[in-house]
Each structure stands twice: as structure tokens, then as C-alpha cells.
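Quick note on labels: first sequence line is chain A, next is B, and so on, each numbered from 1. This one's a predicted model, so the numbers in the text were calculated from it and none came from an experiment.
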Protein chains: 2
Amino acid sequence: MPTVSSEELAAAAGVNSAKLRKDFSYLGSYGTRGVGYDVEYLVYQISRELGLTQDWPVVIVGIGNLGAALANYGGFASRGFRVAALIDADAAMTGKLVAGMPVRHTDELEKIIVENEVSIGVIATPAGAAQQVCDRLVAAGVTSILNFAPTVLSVPDGVDVRKVDLSIELQILAFHEQRKAGEGGAPAEAEGAVGVEGAAAKVTKPATTADSDRAGDDNKGPDGDVPAVMPA
Amino acid sequence: MPTVSSEELAAAAGVNSAKLRKDFSYLGSYGTRGVGYDVEYLVYQISRELGLTQDWPVVIVGIGNLGAALANYGGFASRGFRVAALIDADAAMTGKLVAGMPVRHTDELEKIIVENEVSIGVIATPAGAAQQVCDRLVAAGVTSILNFAPTVLSVPDGVDVRKVDLSIELQILAFHEQRKAGEGGAPAEAEGAVGVEGAAAKVTKPATTADSDRAGDDNKGPDGDVPAVMPA
DNA sequence: ATGTCTTTGTGAACGCGTGCACAAAGATGG
DNA sequence: CCATCTTTGTGCACGCGTTCACAAAGACAT
Ligand SMILES: NC(=O)c1ccc[n+]([C@@H]2O[C@H](COP(=O)([O-])OP(=O)(O)OC[C@H]3O[C@@H](n4cnc5c(N)ncnc54)[C@H](O)[C@@H]3O)[C@@H](O)[C@H]2O)c1
Ligand SMILES: NC(=O)c1ccc[n+]([C@@H]2O[C@H](COP(=O)([O-])OP(=O)(O)OC[C@H]3O[C@@H](n4cnc5c(N)ncnc54)[C@H](O)[C@@H]3O)[C@@H](O)[C@H]2O)c1
């Protein structure tokens, strides 16, 4: 399959083809009208734009359950990320091999960052230590942080932080789960699900569920245990 | 601190106070004008709305590096999630204790789901097995899935899927990282960073970086290695 | 070379979330 | 009981991303 049309790609990704074309247009005009996009060329252009053509050294700080799993994860290397070092504050772990790599002590953090020109750091320490670790990473020159600790990190301008909070992911699922269950009475008005594609779940209609059916119940005060009706 | 104003909460969360009030208003009118919101009451109302007041049994499928880390994670129980079972296809793992809980074999998957009335499943298997596991979970009655495998899952309507892809998180960071580096010539036009609050990074101005400075360079074809200019 | 057919690239319209601004509510003090 | 002051709840306008729709571009056949 040497070429693909925006229509095909859009169907596979579950988005509107116009949106896909407009997005691509930001990278330049890499398509051929009447034909589509040259797959190999397109892949290269997108890879280059995303910075996947270069090697990004990263450090993982906090080699506990999660940190060790991350260190063992092969999916990073295949996307252009190289684990430059594993760092932990526990002296008993120093030198221990994790994923075939010796754990370094926190004392060496700054040195490791500078020597390897690391600009991306991963924080997998307990929440209490996250801000402190973050500060040291930033001071040493790291300008992008992936944070797994359930804390809001405070960073200076110019530093990007992305937070992955698994509990919140579960909470979001539970919220929708509760919604589905709560629709007991009505004819099941199938909740728009996040299907195969990342297509945003869209409720067909705001569904005036158990609201305003009782004249006078102006949705005030300690109402029943019926979830409120809100957008999205 | 018995009460808080929308202004205080908004500042702490890094959002607009009007937005915060409007969001709260979807839950009902739980504030008192001239005073603010009763903290304890507000926490209860939000917890209830999010479904945090009830216990959600979850199963984790694929007890490898990541699955084991998840099983050991204490942050779930504290948010109302209870690990009902750990499931793995590897017969050698069956019965082994992980996080003080015996690993069950995949053969029992359907039985476990039904008996425990599990509606939320976590997939931490290799990508190749994810869709198959997903299908079995859904067939057994699971209607919400948290997927860590780097695959797009196909599910029927009514089933929610959330995907956590760590590689993509790193790629997003790398993308912005490349941007910062690419601004070499210009006066560093500080990229709007995702700061302490989840405030969306907003570029002050689309920044006509290295574009249209050369009349005739209509941004077409294999241009230089300068990243394109795009929204957000 | 000309015509037809496919698919891109994009101007314009639409819809939705965000933020402004203010009236109404209610507490508090005189 | 009335005046004042604070803070909520929300109508309305603005801005941005998404989607529509179509002209232009290019491949391919005649
Ligand atoms: N395990 C999970 O699945 C999971 C899921 C979601 C979030 N998290 C979060 O990820 C973080 C790590 O979780 P975990 O289960 O791996 O915990 P863990 O206790 O197993 O590991 C924490 C590691 O961090 C090290 N550490 C502590 N302070 C440090 C410091 N100042 N500098 C460097 N290293 C330090 C410890 O020595 C330990 O090895 C926690 O914040 C947790 O809430 C974990
Ligand atoms: N380790 C990480 O930090 C990390 C990060 C991001 C994504 N992931 C993804 O998470 C998944 C798991 O990663 P991992 O590092 O834990 O891999 P792993 O190989 O350590 O563990 C996979 C586990 O799944 C089990 N398994 C295989 N097929 C199964 C099936 N059909 N049913 C039930 N169990 C099955 C295996 O027996 C094994 O125990 C992979 O898809 C990986 O890409 C992992």
C-alpha cells in the first residue's frame, strides 16, 4: 500500500477526514490531489515533526514498583527514547541491576543530567518526594517532566509537565459507569461510548433524566442520589 | 476552614472562578451567596457525583512488570477501588502471590467477573493479547476498560475505553522539547508552559517563526527541518 | 492535448466551552 | 427592619476548534 487517502486514514483513526487533512496541512502540502499521501514519505514527515528522528535520553527517578516496570518497558527504545539512567534515593538500591542497568544514587542526579544532556525526566517517587525531585531535575537542566506521583508539580515557565494519574483514570471510568447504571428508569438511552476510535463521546441529547419531572424541585439543596445533568 | 469561596478554589486549581462556579452549578446550588461553599458538604456532593462513595471492584489482567506494579499500588483502595482479582494467562504464575493476592488463571476470567460483579477491567497484557482479552472482559459483563497496551481497542457501544500510552506521553514532551530547541534564532519567545496548574499552554502569538520570511517559499514540498507552525 | 475523475487544501459557517459582568441572594451589622 | 457588603449563579459574548463544502490540482484515459 504505497499511498493512502485522507478518507482511509480518517476512518482508521476515527476522526473527520477534513480535520485530518487540515492537521496535515500544518506540516506542509505533502499530499497529491487525486491520489492521496505517499505512506513512507508521510511517516517520515510526521516522525520528523514529532521529533522522533532523534534520540532522546531520559532518566527515571524512583525505582520502585512503577519505576522498575518503566525501566523494563521496551516500548520506549522503539520510539526513540533511551533510558540514560535509573536514579533512586535508597542507598541499598545503588548499583543494583534493574533491566540490566545499574541504579544510581540521587547524589549523582545533577551530574547524570548534565553529562548525558538529559532534557526529559520521569518521576516515579512517592508523592512526598516528587516536588523536591522535580526542583532538582529542573535546576540541573531538565525542561520536560513526566510525573506519575499524584501531586501537582510547580515548575518555572519554560518547563513542561505531563501528569499521569491512574486513580483519576479509574475515577473517570467509574463516573461514566455510575451514569450508565443511573439510567435505570428511562429507555436506556445508550450513552455515547468512546468506541474504537478516540471519537469524543457525545450524548445525543442532554437527556432531562430525573430532573424537573417534579414541579417545584428546583434542583436545589440535598437532592436525591441522582447524578446531575451536565455537558459532555 | 469551614467554607471556601469560588475565588479561593479557582486560584488553588489554577482555573477561572467563573468556570469553577459554572461547573459546580451543574451539580446543583450548593453554595451560599456572600459566604461561599461549605467544604465538607461540597466534598461529599462532588464525591457522590463522581461515584466515589461506592466501592468499585476491578480486575487487573496481565500480571507482568506493569500489572504487578499496579497491584501493589495503594492509591486505588484510597479512592474507592478494590482489586477483586489478578488474572494472567501464564500457568506458571497461577496461585503465586502478588501484593498478597493469588494470581488467577485466565480460564477463570468470566467466572471472576460475574461472581464479583466487576464492571471495570484493567488490561496490562502485551499488545497482541489486548483485543482478545478485551473481548472476553466485555462478553463477561465489563463495561469500562483501562488499557495500558499500545493498541486501539475495538468495543461495542456502551463500553468505555480509556487508554494510557506512556510512549505517547513522552512523544508529546519530546515534541515540545524540539520546539524549544528549534527557536534558536529568534529571541527565545518563551513557549507557554504547562505550569503549576493544569492551565492550557497558550502561545502568546502564533509566532511566525521561520516561515514566509523567504518570499516564494510557499511551505510546500520537502522543506527544511524547521517544525511547522500550528495551533496550540 | 483535452476531458474526466479523484482527492487535496482551505475559506467559511457552525457549535461549544470559556470568561466577563452583573443581578439576585443572603449574611451581617446597625 | 433596613442598609450594606460579599459572593453566588448565570445570561451573553467572544474565541477556537471542528466540520462542511467546494475550487483547484493533478493523475489517467482517450
Ligand atoms: N505502582 C503503581 O502502579 C502506581 C500507579 C500510579 C501511581 N503511582 C505513583 O508512582 C509513585 C511510585 O509508585 P511505586 O509503587 O513505584 O512506589 P514505591 O514505593 O515502590 O517506589 C518508590 C521509589 O522511590 C524511591 N524514592 C523515594 N524518595 C526518593 C527521592 N527523593 N529521590 C529518588 N528516589 C526516591 C524509593 O526509594 C522507592 O524505590 C508513587 O507516587 C505512586 O503514587 C504508582
Ligand atoms: N512496563 C511498562 O512500564 C509499560 C509501560 C507502558 C506500556 N506498557 C504496556 O503494558 C503491557 C504490559 O507490559 P509489561 O511490561 O507488564 O509486560 P510483561 O511481559 O512483563 O507482562 C505481560 C503479562 O501479561 C500476561 N499475558 C500475556 N497474554 C495474556 C493473556 N492473553 N491473558 C492474560 N495475561 C496475559 C503475561 O503472562 C505476562 O505476565 C504491554 O502491552 C506494554 O506495552 C508497559
Side-chain angles (χ1 to χ4, degrees), chain A residues 1-39 41-42 45-46 49 192 194 197-207 211-212 217-221 223 228-232, chain B residues 1-39 41-42 45-46 49 192 197-207 211-212 217-223 228-232:
Chain A
M1 195 170 194
T3 63
V4 275
S5 68
S6 62
E7 205 65 57
E8 293 170 296
L9 278 177
V15 297
N16 188 288
S17 68
K19 171 170 166 49
L20 188 137
R21 284 199 301 277
K22 183 155 287 187
D23 284 354
F24 280 5
S25 75
Y26 287 114
L27 311 182
S29 292
Y30 297 138
T32 304
R33 298 178 185 222
V35 178
Y37 299 88
D38 181 86
V39 173
Y41 187 52
L42 183 63
Q45 289 298 341
I46 294 178
E49 182 69 27
V194 175
E197 29 268 2
K202 238 161 218 164
V203 182
T204 314
K205 182 148 172 289
D211 172 49
S212 75
D217 175 7
D218 56 343
N219 189 23
K220 202 169 192 137
D223 52 15
V229 176
M230 64 186 72
Chain B
M1 196 169 194
T3 64
V4 275
S5 68
S6 63
E7 204 66 54
E8 293 169 297
L9 278 177
V15 297
N16 188 288
S17 67
K19 172 170 164 49
L20 188 138
R21 285 198 299 278
K22 184 156 287 184
D23 284 354
F24 280 5
S25 77
Y26 287 114
L27 311 182
S29 292
Y30 297 140
T32 304
R33 299 179 185 219
V35 178
Y37 299 89
D38 182 86
V39 174
Y41 187 51
L42 182 64
Q45 289 298 341
I46 293 178
E49 182 69 26
E197 29 268 3
K202 237 160 221 164
V203 182
T204 315
K205 182 151 173 286
D211 174 50
S212 74
D217 174 8
D218 58 341
N219 188 21
K220 202 168 191 136
D223 52 15
V229 176
M230 63 185 72

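Summarising the geometry, the separation between CG on A:L20 and P on D:dC20 is reported as 14 Å, rounded to the nearest angstrom. When the P atom of D:dT10 is taken as reference, atom CZ of B:R21 falls 11 Å away, rounded to whole Å. If you measure from atom CG of A:L42 to atom C1' of C:dT8, you get 13 Å, rounded to the nearest angstrom. As a whole-Å value, the separation of A:E8 CD from C:dT7 C1' is 11 Å. What separates CD of B:E7 from C1' of D:dG9 is a distance of 14 Å, to the nearest Å. The distance between atom CG of B:N16 and atom C1' of D:dT10, rounded to the nearest whole Å, is 13 Å. For the pair B:L9 CG and D:dT7 P, the computed distance is 13 Å after rounding to whole Å. Between the P atom of C:dC16 and the CG atom of B:D23 lies a distance of 17 Å, rounded to the nearest Å.
For the atom pair CD of B:Q45 and CG of B:L27, the computed distance is 7.5 Å after rounding to the nearest 0.5 Å. Put simply, CG on B:L42 and CG on B:L9 are 7.0 Å apart, with the number rounded to the nearest 0.5 Å. The distance from the CG atom of B:N16 to the NZ atom of B:K22 is 10.0 Å, given to the nearest 0.5 Å. Between A:L20 atom CG and A:S5 atom OG the span is 9.5 Å, to the nearest 0.5 Å.
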Table of protein N/O atoms under 3.5 Å from nucleotides 28-30 of chain D N/O atoms:
none

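Remark: aromatic rings of A:Y30 and A:Y37 are distant, center separation not under 6.0 Å.
Nearest to the side-chain atoms of B:A18 among the listed nucleotides D:dT7, D:dT10, C:dT10 stands D:dT10.
Of all heavy-atom pairs spanning B:M1 and B:V4, the tightest one is CE-CG1, 3.7 Å.
OP1 or OP2 of D:dT7 has not a single side-chain nitrogen or oxygen of B:S6 nearer than 4.0 Å. Phosphate proximity of C:dG19 to B:K19: absent, as no side-chain N or O sits under 4.0 Å from OP1 or OP2. At the phosphate of C:dG9, OP1 or OP2 sits under 4.0 Å from a side-chain N or O atom of A:Y37. When the side-chain nitrogen and oxygen atoms of A:K22 are compared with OP1 and OP2 of C:dT10, none of them lie within a distance under 4.0 Å.
Residue whose closest nucleotide on DNA chain D sits further toward the 5' end, between A:G34 and B:G36: B:G36.
Side chain of B:T32 to backbone of B:V35: no donor-acceptor contact under 3.5 angstrom is found.
Evaluation of atom-type donor-acceptor distances gives a pair under 3.5 Å for the side chain of A:R33 against the base of C:dT8.
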